[in-house]
J.: 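Here you go, one structure.
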Amino acid sequence: MRTVRTPGRMAARREADAGPRRDPAPSRLAFRVERLWLTPGFRRAVRLGLPSALILGALAGWLGDAGRRAALQQSLAELREGVENRPEFMVGLMAIDGASEPVANAIRGMLPVTLPASSFRIDLEALRATIAQIDAVASAELRIRKGGVLQVTVTERVPAVLWRRGTALEMLDAGGHRVATLLDRSARPDLPVIAGEGAETNVAEALAVLKAAQPIQARVRGLVRMGERRWDVVLDRDQRILLPEADAVAAIQRVIALDQAEDMLGRDLTVVDMRNENRPTVRLAEPGEGATEVETRVSGQ
């Protein structure tokens, strides 16, 4: 009898001969690795972090040798020096505008390097701050111009008054900032003199009083700060105008009006006392030895 083999039986026979059927599902380890690889952070760490770590490790190992480190530092220093000393980065001249000769000489002495020098070795901001410490300098601007020129533009303080402090004379600007020391009064006869404790902190008020006293400017010798509270105007012929603490300008204007109307300051008096607005008085000069002091009330009309 002839046996007929069908395709189904043949497939079953082959499966039986091949042994147990393999499970197509992934193993637990493979599943976890696949899930981990699907994590963006893990993929980034493998693709970027691992190569970086290998490179850093190799670099650290190479730099672990002191000789190689020294050679690398020397090469970098030579490279930097070669770039800094290129002609286009060299500064060969310093130009100073707006400064007097003494201030310009002082600024040149403050330059931390000897020209020509690389612009990389000149700290412009530090040099500007150093120049600004000069009393006569109000402001300074620094820049490096084309052609290797260090341009320094200075704005100097303008002396407004002379402040007598003991035997010394200091020039102050309108804000009371020191400009310079004056050795000889005759060198600046155009500047008025102020004196007394606190005078240097009230320069603006002193200038306002002097401006109001313009009609008698030729007779004004200076202003003296009294008790750090008020001003005395010192005139020639040993005359003084005592101003109040408040409204000193109005008081000196009143004195000027009285002088123009009655030639008050041309008379034989020593003091015009304006400290009491309601009772201005004058003190007459002593007529002779043994004479008594006389005070006279002055009419404001």
J.: What closest approach, in Å, do D259 and G266 show between heavy atoms, and which atom pair accounts for it?
T.: OD1-N, 4.0 Å
J.: Test your reading of the model: is there a side-chain donor-acceptor pair from S118 to the backbone of F120, 3.5 Å cut-off?
T.: yes
J.: Could you check W231 against N202 for side chain to side chain contact (heavy atoms under 4.5 Å, CB included), going step by step and ending with a plain yes or no?
T.: CA-CA 10 Å; W231 294 101; N202 294 273; 3.8 Å; yes
J.: Could you check M110 against I134 for side chain to side chain contact (heavy atoms under 4.5 Å, CB included), going step by step and ending with a plain yes or no?
T.: CA-CA 11 Å; M110 292 177 175; I134 300 176; 3.4 Å; yes
J.: Taking everything shown except E245 itself, do over 12 heavy atoms lie less than 6.0 Å from its CD?
T.: yes
J.: Kindly compute the distance separating CZ (R164) from CG (L182), expressed to the nearest 0.5 Å.
T.: 9.5 Å
J.: When you compare the side chain of I216 with that of V255, does any pair of heavy atoms fall below 4.5 Å?
T.: no
J.: Can you check whether T201's main-chain N or O pairs, donor with acceptor, with R225's side chain at less than 3.5 Å?
T.: no
J.: Let me confirm one number: the CZ-CE distance from R108 to M94, rounded to the nearest 0.5 Å.
T.: 7.5 Å
J.: May I ask you to check whether over 12 heavy atoms, not counting those of N276, lie within 6.0 Å of atom CG?
T.: yes
J.: R254 versus E277: any side-chain heavy-atom pair under 4.5 Å?
T.: yes
J.: Does V220 share a hydrophobic cluster with M264, counting links as ILVMFWY side-chain heavy atoms below 4.5 Å and allowing steps through other members?
T.: yes
J.: Specify the closest pair of heavy atoms between T153 and Q151, including all atoms of both residues, with the distance to one decimal.
T.: OG1-NE2, 3.7 Å
J.: Can you get from V158 to I194 by hopping between Ile, Leu, Val, Met, Phe, Trp and Tyr side chains that sit under 4.5 Å apart?
T.: no
J.: Which heavy atom in L243 sits nearest to a heavy atom in D232, and how many Å separate them?
T.: N-OD1, 4.2 Å
J.: Rounded to the nearest 0.5 Å, what separates atom CG in L142 from atom OG1 in T130?
T.: 10.0 Å
J.: Is the closest side-chain heavy-atom distance between V103 and I96 below 4.5 Å?
T.: no
J.: Taking the side chain as every heavy atom from C-beta outward, state whether M171 and L162 have any pair of such atoms under 4.5 Å apart.
T.: yes
J.: Checking T270 against Q239 for the side-chain hydrogen bond (donor to acceptor under 3.5 Å, both in side chains) test, could you report, in this order, the C-alpha distance in whole Å, the side-chain angles of both residues, the deciding distance, and whether it holds?
T.: CA-CA 4 Å; T270 58; Q239 291 180 336; over 6 Å; no
J.: Distance-only, no hydrogens or angles: does the E200 side chain make a donor-acceptor pair with backbone N or O of W163 under 3.5 Å?
T.: no
J.: Is the shortest side-chain heavy-atom distance between M226 and L242 below 4.5 Å?
T.: no
J.: Do any N or O atoms from the side chain of T155 and from the backbone of A138 form a donor-acceptor pair under 3.5 angstrom?
T.: no
J.: CG/L124 to CZ/R128 distance, rounded to the nearest 0.5 angstrom?
T.: 10.5 Å
J.: If I compare all heavy atoms of V154 with all of A99, which pair ends up nearest, and what's the gap?
T.: CB-CB, 4.1 Å
J.: Run the side chain to side chain contact (heavy atoms under 4.5 Å, CB included) test on L169 and R188 for me, step by step, so that the C-alpha distance in whole Å, both residues' side-chain angles and the decisive distance to 0.1 Å come before the verdict.
T.: CA-CA 11 Å; L169 278 175; R188 291 303 302 266; over 6 Å; no
J.: From L223 CG over to R230 CZ, what is the distance, rounded to the nearest 0.5 angstrom?
T.: 11.0 Å
J.: Taking R145 for the side chain and G148 for the main chain, is one N or O donor matched with an acceptor at less than 3.5 Å?
T.: no
J.: On a heavy-atom basis, which atom in M90 and which in P116 lie closest, and how many Å separate them?
T.: CE-C, 4.1 Å
J.: Given side chains that start at C-beta, do those of D236 and R221 come closer than 4.5 Å, heavy atoms only?
T.: yes
J.: Might you point out which heavy atoms bring M274 and A251 nearest each other, and give the distance in Å?
T.: CE-O, 3.9 Å
J.: Tell me whether L269 shares a hydrophobic cluster with I252, the cluster being built from Ile, Leu, Val, Met, Phe, Trp, Tyr side chains joined at under 4.5 Å.
T.: yes
J.: CZ of F89 to CD1 of I144: how many Å apart, nearest 0.5 Å?
T.: 10.5 Å
J.: Look at the side-chain heavy atoms of Ile, Leu, Val, Met, Phe, Trp and Tyr, link any pair under 4.5 Å apart, and say whether V249 and L265 land in one connected group.
T.: yes
J.: Is E101 atom CD crowded by more than 12 heavy atoms from other residues, nucleotides or ligands, each under 6.0 Å away?
T.: no
J.: Report yes if the side chains of L127 and P112 come closer than 4.5 Å at any heavy-atom pair, otherwise no.
T.: yes
J.: May I ask you to check whether over 12 heavy atoms, not counting those of D123, lie within 6.0 Å of atom CG?
T.: yes
J.: Are the side chains of V113 and V91 in contact, using a 4.5 Å heavy-atom criterion?
T.: no
J.: Report yes or no: do L191 and V209 belong to one cluster of Ile/Leu/Val/Met/Phe/Trp/Tyr joined by side chain heavy-atom distances under 4.5 Å?
T.: no
